[in-house]
Amino acid sequence: MEKKNIDWSNIGFGYMKTDKRYVSLYKDGKWDGGTLTEDDKITISECAGVLQYAQTIFEGLKAYTTEDGRIVTFRPDMNASRMADSARRLEMPVFPEDRFVEAVAMTVKANAAYVPPYGSGATLYLRPYMFGSNPVIGVKPADEYQFRVFCTPVGPYFKGGAKPITIKVSDFDRAAPHGTGHIKAGLNYAMSLHAIVTAHEEGYDENMYLDPATRTKVEETGGANFLFITKDNKVVTPKSDSILPSITRRSLVHVAKEYLGLEVEEREVLFDEVKDFAECGLCGTAAVISPVGKIVDHGKEICFPSGMEDMGPVTKKLYETLTGIQMGKIEAPKGWLKEIM
Ligand SMILES: *Cc1c(COP(=O)(O)O)cnc(C)c1O
């Protein structure tokens with residue numbers, strides 16, 4: 001298969017139309033067989049549930065080329081089950097988990113020419129999503145839905161090395177107690193846009209959200225979970241019902257325990273403790289881990305000893321081990337790499 005003529009290391013994180021996408025329609029209480037299409041446009045009613053009441057959920061995962069030339073995805077079954085959880089919370093029909101994994105594989109295979117080569121740092125980002133498509137004017141769940149998967153090649157997340165970022169403690173809240181913070185729904189992102197635009201205007205890279213009920217505990221950023229390292233090399237990650245359960249974070253916890261022999265604490269993390277940690281990172285599919293060098297709380301700075309030049313040593317070890325597993329350089333736990341071709 002001939003690769004597209006793309007300057008892989010310079011593509012950034014943006015949308016590029018690829019050849020094929022997967023579509024399955026839900027109507028009269030059932031999903032159809034699903035198909036690949038070249039049509040990148042969607043025609044739906046002006047009154048569609050998604051347009052009026054934001055009934056939409058999504059996932060994000062990557063396909064890439066391993067050192068030995070296979071094309072794989074990383075734990076797509078975890079995305080399938082998380083999307084099923086999201087669907088149930090928004091009263092949408094679940095797209096069967098095995099079919100989700102198959103749809104992802106079909107999309108990657110059909111766009112294999114867009115999967116960046118090993119060593120380029122670039123990957124093929126996959127976006128499964130689902131939305132209510134029939135007219136809904138009285139507030140209720142839609143009766144018809146579309147499940148889709150498209151993909152787009154994305155460049156290396158860190159051009160020229162992973163420089164630590166600076167984040168601010170936000171005055172806005174991301175998720176209400178007993179709300180929708182634990183599911184991957186578009187609505188959680190719509191309400192975060194004002195907060196992130198504001199943070200960027202003030203010169204920060206990201207927002208740290210605290211728990212909205214007491215504003216004393218660390219939750220997450222707009223799109224990544226926190227991981228802290230204590231001065232005696234323990235991994236600490238916040239536990240909360242309103243955090244999105246990051247697959248990267250859960251994988252890093254396994255790597256910390258089983259590959260690196262580190263102690264891990266998944267528990268509530270008070271903001272007051274943050275100043276005592278040695279390292280801090282943000283975990284998500286896009287970057288795996290972005291190191292955080294500084295957190296600013298209304299003018300008060302917390303500067304981690306790992307500094308503003310490099311990833312902290314333990315964070316780096318975690319990063320290298322997980323990306324090594326993903327790229328096929330380190331043996332993966334059973335079932336983590338799903339081989340596409
Ligand atoms: C997607 C997402 C993450 C990261 O999850 P991964 O499965 O690791 O990509 C973290 N926080 C939020 C709010 C998210 O939407």
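For this chain, numbers begin at 1 and follow the sequence in order. Order of listing sets the numbers, starting from 1, for every ligand and every atom in it. Owing to the predicted nature of the structure, the values given are computational and were not obtained by experimental measurement.
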Using only heavy-atom distances, determine whether the side chains of Thr37 and Arg21 contain a donor-acceptor pair under 3.5 Å. no
Answer yes or no: are there more than 12 heavy-atom neighbours, outside Lys20 itself, under 6.0 Å from its atom NZ? no
Mind jotting down which protein residues get a heavy-atom contact under 4.0 Å with ligand 1? Chain and number order, please. Arg82, Arg174, Lys184, Tyr189, Glu220, Gly222, Gly223, Ala224, Asn225, Leu244, Ser246, Ile247, Thr248, Gly284, Thr285
Residues in salt bridge (Lys or Arg N to Asp or Glu O under 4.0 Å) with Arg89, at least two apart? none
Flag for Asp68-Tyr118: side-chain donor and acceptor within less than 3.5 Å: no
Is it true that Glu273 and Arg267 have a side-chain N and a carboxylate O under 4.0 angstrom from each other? yes
Test item: side-chain donor near acceptor, Ser24 and Gln146, under 3.5 Å: no
